[in-house]
There are 2 protein chains.
Amino acid sequence: MDTAVATRGRPREFDADEALAAALRVFWTRGYEGASLTELTEAMGITRPSLYACFGNKEALFKKALDLYETEKLAYMETALEAPTARGVAERLLRGALQNQASTCDPKGCLGVISSVACGPEAEAIKAEVVARRASSKRAVVDRFARAKAEGDLPEHIDPEALTNYVFALFQGLSVQSGTGTCCEDLGRMVDTALAMWPGR
Amino acid sequence: MDTAVATRGRPREFDADEALAAALRVFWTRGYEGASLTELTEAMGITRPSLYACFGNKEALFKKALDLYETEKLAYMETALEAPTARGVAERLLRGALQNQASTCDPKGCLGVISSVACGPEAEAIKAEVVARRASSKRAVVDRFARAKAEGDLPEHIDPEALTNYVFALFQGLSVQSGTGTCCEDLGRMVDTALAMWPGR
DNA sequence: TGTTTTTCATACCGCTCGATATAGTGATTC
DNA sequence: GAATCACTATATCGAGCGGTATGAAAAACA
C-alpha cells in the first residue's frame with residue numbers, strides 16, 4: 001500500500017490499510033458486482049467521497065484489494081513451488097488452499113474464482129484482469145512440473161500443463177464447495193483422496 | 001413446460017419453450033444477478049409484461065430455466081451412474097461435462113456453478129436453491145460409489161463421499177476453466193490426466 | 001354481432017446503483 | 001495568526017434496476 005505522506009493539509013482520519021482490508025472482505029463475500037458502494041463504505045467506516053479520494057473508484061479499489069489478497073492469502077503458492085517433488089508442490093498448493101478455507105474469520109471461497117465466474121457487462125474488465133493474473137501464476141506451476149518431469153519426478157506420459165490444469169481444477173472446485181457450505185473436514189478428506197491418487201510414490 | 005392451452009382470449013404470439021431456452025442462455029452467460037430484464041426480454045423476443053404474465057417474475061423464470069438446464073444438459077449425470085464400474089461412472093461424468101463445454105452454440109461454464117458462487121443479498125435465495133439441487137444429485141453419486149466399494153470395485157481405504165466431492169471438484173474446476181477461456185483440447189487433456197490417476201485398474 | 005378474456009405495447013413506478021458538486025471543517029505551514 | 005490544503009458530510013446526479021398500470025388489439029364465447 002502506498003502510504004504516501006503528504007505533509008500539507010489535514011491528515012486522513014482513517015487507516016487506508018484497514019479500510020482496504022475491510023473492502024477486501026466485502027468483495028470476497030459478494031463478488032465485484034454484488035458489492036455495493038453502500039456496503040463497502042459502511043464496512044470500511046468511511047464516506048463515499050473519502051473512498052473516491054483515496055482509492056479512485058470501485059474498480060481501482062477492487063484491484064488494490066486483489067493485490068492485498070494475493071500478497072496475504074496467496075503467498076503460499078510461491079513457496080509451494082519450492083517443494084522438492086511435484087507431489088509435494090501439489091500437496092502444498094492444496095493444503096494451503098485448505099488452510100485458507102479453514103480460517104474462521106475470513107470469508108469462504110476464493111476471491112479469484114468468485115470474480116472470474118459470471119458477471120454482467122460492466123464487470124468483464126474485472127474478470128479479464130483476474131483471468132490474466134491467474135494465467136501468470138499458472139505458468140509458474142507448469143514450469144515447475146516440467147522441471148519435475150525432467151528430473152524423473154513425474155511419469156513420462158504426464159503433460160505438465162494438463163497436470164497443472166488438474167491441480168487448479170481441484171483448487172477451484174475446493175473453493176466452490178467451500179463457498180457453498182461444505183465443511184473443512186469434508187474438504188480435507190477430498191484433498192486426501194486427491195493426493196492418494198497422485199502418480200508415482 | 002406447462003403448455004396449458006387456455007382457449008379463451010388472445011393467443012400468445014411467442015413460443016414459451018423457445019423463450020425459456022433463450023432466457024436460459026442469458027442466465028447461463030450472465031448469472032442470475034448479471035442478467036437484466038432488458039437483456040432477458042430482448043433475447044426472448046418478448047416484452048416485460050409478457051414475461052411476467054407467462055413466467056411470474058425473474059426468480060420464477062430462473063427456476064424454470066434451471067429445470068430446463070437440468071433436464072437437457074445434465075441428463076447424462078443420471079445415465080452415468082449406470083456405468084458398470086466406479087471408474088466408468090467418473091469417466092462418464094467428466095466426459096459428459098467435457099462434451100457440454102465443447103458445444104459451440106451453448107455458453108461456457110456450468111449454470112449451477114455460476115449461480116452458486118457469489119451473489120449480492122437479493123440472490124441468496126437463488127444460491128440456496130442451486131446448492132440444494134446439487135446436494136440431491138451428489139447423494140446419488142455417493143450411493144453409487146458406496147455400492148462400488150461394496151462390490152470390491154474401489155479400494156477399501158476410499159471414502160465414497162470424499163471421492164464424490166473429488167469428482168465434483170474436478171467438474172466444478174472444469175466449468176470454471178471453461179468459463180474463463182481454457183480451450184476444450186486442454187480441458188480434455190486435464191480430464192485424461194485425472195482419469196489416469198483413478199485408483200485401481 | 002357484442003361481450004368476455006387474454007395478450008401485447010407503451011410508458012411509468014419507486015428504488016438502488018456508481019459517482020460528484022458543494023460546502024464546511026480542521027490540521028499544517030508560512 | 002492567516003493562508004493553504006485535504007478531508008468530511010450532505011445532498012444529489014443520471015442511469016439502470018425489477019416490476020406494473022393502462023389501454024389497445026385479437027381471439028373465443030354467447
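Here is the naming used below: chain letters follow the sequence lines, and residue numbers restart at 1 for every chain.
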Taking NZ, NE, NH1 and NH2 as the nitrogens, is one of them in [X] or [Y] under 4.0 Å from a carboxylate oxygen of the other?
{"X": "B:Arg95", "Y": "B:Asp192", "answer": "yes"}
{"X": "B:Glu161", "Y": "B:Lys138", "answer": "yes"}
{"X": "B:Lys73", "Y": "B:Asp106", "answer": "yes"}
{"X": "A:Arg30", "Y": "B:Glu124", "answer": "yes"}
{"X": "A:Arg133", "Y": "A:Glu70", "answer": "yes"}

Q: Report the residues that fulfil ring-ring contact (aromatic ring centres under 6.0 Å, His included) with B:Phe62, sequence neighbours left out, ordered by chain and then residue number.
A: B:Phe27, B:Tyr32

Rounded distance (Å) that lies between atom [atom2] of [N] and atom [atom1] of [X]:
{"X": "B:Leu61", "N": "D:dG19", "atom1": "CG", "atom2": "P", "value": "10 Å"}
{"X": "A:Ile126", "N": "C:dG18", "atom1": "CD1", "atom2": "P", "value": "12 Å"}
{"X": "A:Glu13", "N": "C:dT28", "atom1": "CD", "atom2": "P", "value": "11 Å"}
{"X": "B:Arg12", "N": "C:dT6", "atom1": "CZ", "atom2": "P", "value": "12 Å"}
{"X": "B:Phe14", "N": "D:dA26", "atom1": "CZ", "atom2": "P", "value": "17 Å"}
{"X": "A:Lys58", "N": "C:dC17", "atom1": "NZ", "atom2": "P", "value": "9 Å"}
{"X": "B:Leu37", "N": "D:dC17", "atom1": "CG", "atom2": "P", "value": "8 Å"}
{"X": "A:Phe55", "N": "D:dC7", "atom1": "CZ", "atom2": "C1'", "value": "14 Å"}

Q.
Please give me every residue in residues 38-53 of chain A whose heavy atoms get under 4.0 Å of an atom in DNA chain D, ordered by residue number.
A. A:Thr47, A:Pro49, A:Ser50

Q | Residue met sooner reading DNA chain D from 5', once B:Pro11 and B:Glu33 are mapped to nucleotides | A | B:Glu33

(Q) Check the phosphate of C:dT5 against B:Arg10, side-chain N and O only, distance under 4.0 Å to OP1 or OP2. Yes or no? (A) no

**Q.** Face-on cation placement of A:Arg48 at A:Tyr52 ring, 6.0 Å and 45° thresholds
**A.** no

Q: Check every atom of D:dG18, D:dC29, C:dA19 against the side chain of B:Arg8 and return the nucleotide holding the closest atom.
A: D:dC29

